[in-house]
K.L.:
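Okay, here's the structure, questions in a sec.
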Amino acid sequence: MRYLLLILLFSCLSCYNVSRNCKDYKTGTFRFDYTVNGVPKSGIFKRTDKHSINFYDGKTDSSEVKWINDCEFILYKINPKSISEKDPIHMKILTTTDSSYTFEYSKASFNEGETKRKEKGLAIKID
């Protein structure tokens with residue numbers, strides 16, 4: 001009986017599909033929330049087919065967008081101010097809803113011995 005329940009559970013879980021309508025989020029204006037030293041903050045970014053302009057903490061930061069596929073792209077800072085800002089960022093849309101998407105991001109290039117660190121976030125479409 002226990003095996004029958006496990007088979008039934010696995011068969012139900014295998015039918016679950018994550019929604020990924022990435023084309024709906026290739027362009028637009030988005031809000032994202034983040035925390036710095038325990039202080040919650042919010043920023044806005046506007047993405048076109050080729051550029052992403054971020055507005056946060058009274059600053060503006062621009063990047064070039066290169067799409068890999070409908071759900072993944074690379075961000076290249078247009079005017080990096082340091083060596084670390086020259087590293088491109090790989091972005092991947094994991095799930096979508098009718099008004100937001102969950103994404104994962106990490107550096108796209110690594111130095112030998114450097115550990116790969118991935119972070120997740122949520123972007124809410126506001127326009």
Side-chain angles (χ1 to χ4, degrees):
M1 181 68 166
R2 188 180 323 178
Y3 295 113
L4 181 60
L5 288 174
L6 284 174
I7 291 171
L8 181 62
L9 177 66
F10 285 125
S11 65
C12 289
L13 290 176
S14 66
C15 296
Y16 178 72
N17 287 330
V18 175
S19 175
R20 277 181 57 173
N21 298 318
C22 300
K23 287 183 182 181
D24 295 344
Y25 296 99
K26 283 184 107 170
T27 62
T29 304
F30 304 88
R31 187 184 93 231
F32 64 98
D33 299 320
Y34 60 101
T35 303
V36 175
N37 297 325
V39 178
K41 297 187 177 209
S42 186
I44 302 287
F45 65 94
K46 180 177 176 115
R47 188 169 52 236
T48 65
D49 286 330
K50 297 188 186 247
H51 295 96
S52 180
I53 304 167
N54 299 320
F55 306 96
Y56 60 97
D57 284 340
K59 301 174 188 172
T60 303
D61 190 15
S62 301
S63 298
E64 187 177 348
V65 177
K66 299 274 186 170
W67 286 93
I68 299 169
N69 57 46
D70 286 339
C71 295
E72 295 180 67
F73 58 95
I74 306 287
L75 290 174
Y76 299 90
K77 292 251 186 191
I78 292 176
N79 294 309
K81 293 178 177 57
S82 67
I83 292 173
S84 65
E85 285 188 358
K86 288 182 179 182
D87 291 332
I89 303 295
H90 177 250
M91 306 286 289
K92 182 177 183 179
I93 297 173
L94 301 173
T95 62
T96 63
T97 68
D98 60 340
S99 62
S100 67
Y101 68 90
T102 302
F103 61 94
E104 178 180 85
Y105 64 96
S106 64
K107 283 177 46 176
S109 60
F110 295 93
N111 297 323
E112 187 176 326
E114 187 177 4
T115 58
K116 188 168 187 172
R117 191 176 126 206
K118 290 185 179 183
E119 301 288 334
K120 287 187 179 180
L122 175 71
I124 300 164
K125 192 164 189 175
I126 57 176
D127 182 29

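Hydrogens, waters and symmetry mates play no part in the numbers below; they use all other heavy atoms, side chains included.
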K.L.:
Quick one: hydrophobic cluster around Tyr34, which other residues, with the 4.5 Å side-chain cut-off, linked directly or via members?
P.N.:
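Same cluster as Tyr34: Tyr25, Phe30, Phe32, Val36, Phe45, Tyr56, Val65, Trp67, Phe73, Leu75, Ile89, Met91, Ile93, Tyr101, Phe103, Tyr105.
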K.L.:
Quick one: does Ser99's side chain get under 4.5 Å of Lys125's, heavy atoms only?
P.N.:
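The answer is no, as the side chains (C-beta and beyond) never meet within the 4.5 Å cut-off.
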K.L.:
Does Asp33 have any side chain to side chain donor-acceptor pair (under 3.5 Å) partners at least two apart in sequence or in another chain, and if so, which?
P.N.:
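With neighbours one apart ignored, the set is Arg31, Ser42.
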K.L.:
Does one side chain, of Thr48 or Thr27, offer a donor that lies under 3.5 Å from an acceptor on the other?
P.N.:
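No pair is found: no donor N or O on one side chain lies under 3.5 Å from an acceptor on the other.
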K.L.:
Once side-chain contact (heavy atoms from CB on, under 4.5 Å) is applied, do any residues pair with Thr35, and if so which ones, sequence neighbours excluded?
P.N.:
none
K.L.:
List the residues meeting salt bridge (charged side-chain N to carboxylate O under 4.0 Å, His left out) with Lys92, not counting sequence neighbours, and say none if there are none.
P.N.:
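So Lys92 forms no salt bridge (charged side-chain N to carboxylate O under 4.0 Å, His left out) with any residue.
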K.L.:
Who else is in the cluster with Ile124 when I, L, V, M, F, W and Y are joined by side-chain contacts under 4.5 Å?
P.N.:
Leu122
K.L.:
Can you pull out every disulfide (SG to SG under 2.5 Å) where at least one residue sits in residues 19-91? Sequence neighbours excluded, please.
P.N.:
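Counting only pairs at least two positions apart or across chains, the disulfide (SG to SG under 2.5 Å) contacts touching residues 19-91 are Cys22-Cys71.
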K.L.:
How far does CG of Asn54 sit from CZ of Arg47, to the nearest 0.5 angstrom?
P.N.:
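Here the rounded value is 9.5 Å.
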K.L.:
For atom CG of Asp57, is the number of surrounding heavy atoms from other residues, nucleotides or ligands below 6.0 Å larger than 12?
P.N.:
yes
K.L.:
Mind checking the OG1-NZ spacing from Thr60 to Lys46? Nearest 0.5 Å is all I need.
P.N.:
13.0 Å
K.L.:
Please report the C-alpha distance between Ser52 and Ser63 in whole Å, then the side-chain angles of each, then the deciding distance to 0.1 Å, and finally whether the side-chain hydrogen bond (donor to acceptor under 3.5 Å, both in side chains) criterion is met.
P.N.:
CA-CA 5 Å; Ser52 180; Ser63 298; 5.8 Å; no
K.L.:
Who else is in the cluster with Ile74 when I, L, V, M, F, W and Y are joined by side-chain contacts under 4.5 Å?
P.N.:
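Listed partners: Ile68, Tyr76.
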K.L.:
Just jot down the salt bridge (charged side-chain N to carboxylate O under 4.0 Å, His left out) partners of Lys50, sequence neighbours excluded, or say none.
P.N.:
none
K.L.:
For Lys118, what residues pass the salt bridge (charged side-chain N to carboxylate O under 4.0 Å, His left out) criterion, not counting sequence neighbours?
P.N.:
Glu104
K.L.:
Report the residues that fulfil salt bridge (charged side-chain N to carboxylate O under 4.0 Å, His left out) with Asp24, sequence neighbours left out, ordered by chain and then residue number.
P.N.:
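None.
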K.L.:
Looking only at heavy atoms, what is the nearest atom pair of Glu64 and Ile78, with distance?
P.N.:
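Nearest pair, atom of Glu64 first, then Ile78: N-CG1, 3.8 Å.
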K.L.:
Tell me whether Lys26 is salt-bridged to Asp49, with the criterion being a basic N under 4.0 Å from an acidic carboxylate O.
P.N.:
no
K.L.:
Asp98: what forms a side-chain contact (heavy atoms from CB on, under 4.5 Å) with it, not counting sequence neighbours?
P.N.:
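Testing Asp98 for side-chain contact (heavy atoms from CB on, under 4.5 Å), a comparison that skips the adjacent residues, returns none.
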K.L.:
Just jot down the side-chain contact (heavy atoms from CB on, under 4.5 Å) partners of Ser82, sequence neighbours excluded, or say none.
P.N.:
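In terms of side-chain contact (heavy atoms from CB on, under 4.5 Å), with neighbours along the sequence ignored, Ser82 is linked to Ser84, Glu85.
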